[in-house]
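The structure appears right after this line, and notes come after that.
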Amino acid sequence: EPEEINGFPEIKRRVAAVKLWRGKSSRPTTVKLAQTPMEFAEIRQPTGKYIAIPTVSSERRDVIPIAFLSKNTIASNQLYVIPKASLYHFAVLTSAMHMAWMHYTCGRLKSDYRYSAAIVYNNFPWPELDAGNAKDLGAQQSMEQAAQAVLDVREGHQKGRLGKSLAQLYDPDLMPKDLKAAHQALDKLVDKAYGLSSRGRAGATASLNAQRVALLFERYQGLVSQLEPKKPDEKKLNA
């Protein structure tokens with residue numbers, strides 16, 4: 001607020017500098033924004049709570065730190081945002097199933113994961129759940145409860161003077177046992193929603209991730225085949 005800006009000389013100086021810089025711009029929109037120098041020029045995040053996914057994340061992580069952010073948190077160009085996202089969306093996106101897909105399809109910045117909206121997110125085959133089916137609805141509700149459990153455990157570790165950041169919580173060497181257990185419980189439910197449990201869960205993590213990727217590409221191929229144009233009927237063409 002204006003009275004708060006007046007109480008901080010350094011902020012007041014910077015706001016004045018922004019007004020001066022914008023006023024000298026050759027871009028009409030920027031010149032107009034000089035009238036509100038205390039506000040960010042490019043506020044493009046959703047008007048409500050949203051899921052934020054970092055565009056780049058360390059290759060050491062098994063799970064990309066994904067979070068719900070409030071409308072008052074301005075998303076930088078290093079975040080992908082998903083408006084009107086629910087606990088169900090968070091559950092699937094933070095699961096080992098989605099992470100296996102991400103590891104296989106994402107780009108790289110040096111060796112770190114580079115998430116992509118066009119390739120990773122838009123092509124990801126979501127679980128085929130029917131909201132009108134009691135069993136599927138129950139599966140979705142169970143995933144939402146498990147997702148909330150992950151968020152609750154994270155919040156517990158982020159509180160207080162010595163609270164941990166998401167970067168610390170998702171460091172594979174420092175990840176708390178209860179957070180790891182919460183993610184594993186969620187992973188089992190998401191796997192089950194995809195029918196992976198019927199194919200067996202034996203083997204090491206690498207083997208299980210291979211099963212996840214194979215299942216997802218099978219689903220992906222099935223979806224893509226529905227979009228392929230049908231071959232013309234040769235008999236009709238020759239008639």
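Every heavy atom of this structure was used, including side-chain atoms; hydrogens, water molecules and symmetry mates were not. The first residue in the sequence is number 1, and the count goes up from there.
Screening I66, L93, D187 for a side chain to side chain contact (heavy atoms under 4.5 Å, CB included) involving M99 leaves a single residue, I66.
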Taking it one step at a time, do I53 and I51 satisfy side chain to side chain contact (heavy atoms under 4.5 Å, CB included)?
-> CA-CA 7 Å; I53 303 176; I51 282 180; 4.1 Å; yes

Dump the intermediate steps for side chain to side chain contact (heavy atoms under 4.5 Å, CB included) on V213 and T105, then the final yes or no.
-> CA-CA 10 Å; V213 172; T105 61; over 6 Å; no

Can you list the steps and then say if R114 with L109 is a side chain to side chain contact (heavy atoms under 4.5 Å, CB included)?
-> CA-CA 6 Å; R114 191 176 184 89; L109 182 62; 3.9 Å; yes

Take L151 and L87, measure what side chain to side chain contact (heavy atoms under 4.5 Å, CB included) needs, and give me the verdict at the end.
-> CA-CA 10 Å; L151 292 171; L87 277 173; 3.7 Å; yes

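Using modelled atom types, no side-chain atom of T36 and backbone atom of E39 make a donor-acceptor pair closer than 3.5 Å. Looking at D136, its side chain never comes within 3.5 Å of a backbone N or O of L129 through a donor-acceptor pair. In this structure a side-chain-to-backbone donor-acceptor pair under 3.5 Å is missing from R154 to L169. Formation of a donor-acceptor pair under 3.5 Å by the Q145 side chain with backbone atoms of S142 is not found in this model. A distance-only check finds no donor-acceptor pair linking the side chain of R212 to the backbone of A100 [under 3.5 Å]. In this structure a side-chain-to-backbone donor-acceptor pair under 3.5 Å is present from E4 to E1. Under the 3.5 Å distance criterion, the side-chain polar atoms of S225 are matched with a main-chain donor or acceptor of G222. Between the side chain of R61 and the backbone N or O of I64, no donor-acceptor pair lies under 3.5 Å.
For the side-chain hydrogen bond (donor to acceptor under 3.5 Å, both in side chains) test, no residue two or more places apart in sequence or in another chain qualifies with D112.
No continuous path of ILVMFWY side-chain contacts below 4.5 Å connects V81 to V120, so the two sit in separate hydrophobic clusters. At a threshold of 4.5 Å between side-chain heavy atoms, the hydrophobic network of Ile, Leu, Val, Met, Phe, Trp and Tyr places V190 and Y104 in one connected group. Put simply, V56 and Y113 are part of two different groups of oily side chains (I, L, V, M, F, W, Y) that touch within less than 4.5 Å, one to the next. Side-chain heavy atoms closer than 4.5 Å link hydrophobic residues (I, L, V, M, F, W, Y) into clusters, and following such links, even through other members, never connects L189 to L137. Both M102 and M175 are members of a single hydrophobic cluster when ILVMFWY side chains are connected at heavy-atom separations under 4.5 Å.
Aromatic ring orientation, Y88 versus W126: tilted (interplanar angle from 30° to 60°). Between F217 and W101, the ring-plane angle classifies as tilted under the 30° and 60° cut-offs.
One finds the CE atom of M38 at 8.0 Å from the NZ atom of K19 (value rounded to the nearest 0.5 Å). Annotation: the span from K164 atom NZ to Q158 atom CD amounts to 11.0 Å, rounded to 0.5 Å. In this structure, L179 CG and H183 NE2 are separated by 4.5 Å, a value rounded to the nearest 0.5 Å. Here the straight-line distance linking atom CG of L166 with atom OG of S57 works out to 10.5 Å at 0.5 Å rounding.
In plain terms, the two heavy atoms of P125 and R219 that are nearest each other are CB-CB, 3.8 Å. Here the shortest heavy-atom pairing between F90 and A147 reads CD2-CB, 3.8 Å.
If you look at Y121 and Y115, their ring centroids are not closer than 6.0 Å.
In this model, a donor atom of one side chain and an acceptor atom of the other lie less than 3.5 Å apart for S86 and H89.
Counting only residues at least two apart or in different chains, ring pair (Phe, Tyr, Trp, His ring centres under 6.0 Å) contacts with residues 2-57 are absent. Applying the side chain to side chain donor-acceptor pair (under 3.5 Å) definition to pairs two or more places apart or across chains, those involving residues 173-182 are R60-D173, H157-D178.
The local environment of CD1 in I74 is crowded, with over 12 non-hydrogen atoms from other residues, nucleotides or ligands closer than 6.0 Å. By the 6.0 Å contact criterion, CZ on F124 is enclosed, its count of non-hydrogen atoms from other residues, nucleotides or ligands being greater than 12.
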